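Given the structure is predicted, the values throughout are model-derived calculations rather than measurements.
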Amino acid sequence: MPDTLIKIDLSETPEAQDVLHNRWHPDIPMVAYVKPGAEFRVECVDWTGGQIFDNDSADDIRDVDLTKVHYLSGPIGVEGAEPGDLLVVDILDIGALPESEWGFTGLFAKENGGGFLTEHYPDARKACWNFHGIYTSTRHIPKVEFAGIMHPGLIGCLPDKSMLAEWNKREGELFATNPDRTPPLCALPYPDTAHMGRMTGEDAVKAAGEAARTVPPREHGGNCDIKNLSRGSKVYFPVYVNGGGLSMGDIHFSQGDGEITFCGAIEMAGFIDLRVNIIKGGMAKYGVKNPIFQTSPMEPNYTSHLVFEGISVDEAGKQHYLDAHVAYRMACLNAIEYMKKFGYTGEQAYAILGTAPVEGRISGIVDIPNACATLYLPTEIFQFDIKPSGDGPMKMLTNGADLAFTS
């Protein structure tokens, strides 16, 4: 087992731990340096920093403070890494911390972040998952069990000053087009709840005013939520500051493509074992602007799928032009309506699509006016036959279980 480079304490608040930070800024100090070729372990809190609890109330999902997230472990400097290099990161292993072998999924209230289908499911709800080795199940969604593809939802390197300024400029311009929208168009800098790692005093206060929030993916990586970025993957990150400044967190036990409920993966505290190397001048050599990665040789071996199509005609029948966002939303809604025929509530079906290893694909993007998106739902995750038959669907859920409600 690699030595633990960053150790966290789940009994302490994230703000009390200077190995964590929740903003991106080039001046956040490195918490450690490693040499190329080094292998090490990094421990991570869950993305909310312990705001969610293993119980049957969704009050914590309703009340979670999203200005604080995500809490990341790092930054880690790699000796010799310089702007223009590629930082090569091998994800060797990922797992739950022994003191926290559970995870959660939330449907966020529309007024507090919402989700992909927030107009259909506007209220806060929660499912808590138990881990059984590589498998997971939840008391809130009966007759479903699947193998997880554990991965960091968020991993990336520090931006430089010019990149940070570009992020703030373009996101500020977008926000200004509809500043009163709920949920908002983007998450702008918010210094009040910024945790700047080992920055202190006036430097921390000044940096917090311009530091980028961690909500979206960007050129450096960040919150990409790619389920296949799992153990055995190799990632090539652009380097923008000396040392690279690698940070990570938001560990998922499992996730469906798109993480459609926003808190749609099975969120957990955990560890990541990593190996790092450098390709000097790699950004120019390979024309890299955003990270690229090689997939893992390990993933759940589900071979039977029901595939749901969606096209860029929305719920109201409005035609959109080659809109893959609308098309995927419609594919998800079609899958949810199908699962409801077997007794699942819409919220349960929605959570299944956010957490199980479903595959989302853009299947057609050139046939005007309709983009076609598809959602591949593994049939083996269900403890009954969910495939269509001449007998029609049978209600399989009779015990009244459902996602947790708010009080």
Undergrad: Whether the side chain of R231 engages the backbone of I94 through a donor-acceptor N/O pair (distance < 3.5 Å, no angle test) should be reported.
TA: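 Checking the backbone N and O of I94 against the side chain of R231, a donor-acceptor pair under 3.5 Å is found.
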Undergrad: Residues two or more places apart in sequence or in another chain: which of them pass side-chain hydrogen bond (donor to acceptor under 3.5 Å, both in side chains) with T67?
TA: D65, T193
Undergrad: For Q348 and H140, test the side chains for any donor-to-acceptor distance below 3.5 angstrom and give the result as yes or no.
TA: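 No - no donor-acceptor pair under 3.5 Å links their side chains.
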Undergrad: Please confirm whether the backbone N or O of L117 pairs with a side-chain atom of Y350, one donor and one acceptor, at under 3.5 Å?
TA: yes
Undergrad: Applying side chain to side chain donor-acceptor pair (under 3.5 Å) between R139 and each of D56, N399, N130, report the one that passes.
TA: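 Looking at D56, N399, N130, the match for R139 under the side chain to side chain donor-acceptor pair (under 3.5 Å) is D56.
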Undergrad: Out of D3, L274, L92, I272, which residue meets the side chain to side chain contact (heavy atoms under 4.5 Å, CB included) rule with F40?
TA: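 By the side chain to side chain contact (heavy atoms under 4.5 Å, CB included) criterion, F40 pairs with just one of D3, L274, L92, I272: L274.
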Undergrad: The criterion is salt bridge (charged side-chain N to carboxylate O under 4.0 Å, His left out); which residues satisfy it with D123, sequence neighbours excluded?
TA: none
Undergrad: Classify the ring geometry of H220 against W24: parallel below 30°, tilted from 30° to 60°, perpendicular beyond 60°.
TA: perpendicular
Undergrad: Can you name the residues that form a ring-ring contact (aromatic ring centres under 6.0 Å, His included) with H195, not counting sequence neighbours?
TA: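 ring-ring contact (aromatic ring centres under 6.0 Å, His included) check on H195 returns nothing, list empty.
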Undergrad: Can you label the angle between the W47 ring and the H70 ring as parallel, tilted or perpendicular, going by 30° and 60°?
TA: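 Taking H70 first and then W47, their aromatic rings sit tilted (interplane angle of 30° to 60°).
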Undergrad: Applying side-chain hydrogen bond (donor to acceptor under 3.5 Å, both in side chains), can you list everything that pairs with Q255, at least two apart in sequence or on another chain?
TA: H151, H252
Undergrad: Please enumerate all residues that pass side chain to side chain contact (heavy atoms under 4.5 Å, CB included) together with M330, with sequence neighbours excluded.
TA: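 For M330 the side chain to side chain contact (heavy atoms under 4.5 Å, CB included) partners, ignoring immediate neighbours, are E315, V326, L333.
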Undergrad: Name the orientation class of the two ring planes belonging to Y376 and H305 (parallel below 30°, tilted from 30 to 60°, perpendicular beyond 60°).
TA: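 Geometry flag for H305 against Y376: perpendicular rings.
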Undergrad: Looking at G197, is its backbone amide N or carbonyl O close enough to the side chain of D18 to form a donor-acceptor pair, meaning the two atoms are under 3.5 Å apart?
TA: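 Absent.
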Undergrad: Indicate whether the side chain of T105 and that of T355 have a donor and an acceptor atom separated by less than 3.5 Å.
TA: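 No, no side-chain donor-acceptor contact under 3.5 Å.
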Undergrad: Taking the side chain from T4 and the backbone from K7, do they hold a donor-acceptor pair closer than 3.5 Å?
TA: no
Undergrad: Run the side chain to side chain contact (heavy atoms under 4.5 Å, CB included) test against D63 and tell me which residues pass, sequence neighbours left out.
TA: D59
Undergrad: Can you find a side-chain donor-acceptor pair between S162 and D160 that sits under 3.5 Å?
TA: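 There is such a pair (donor and acceptor under 3.5 Å, judged by atom type) between the side chains of S162 and D160.
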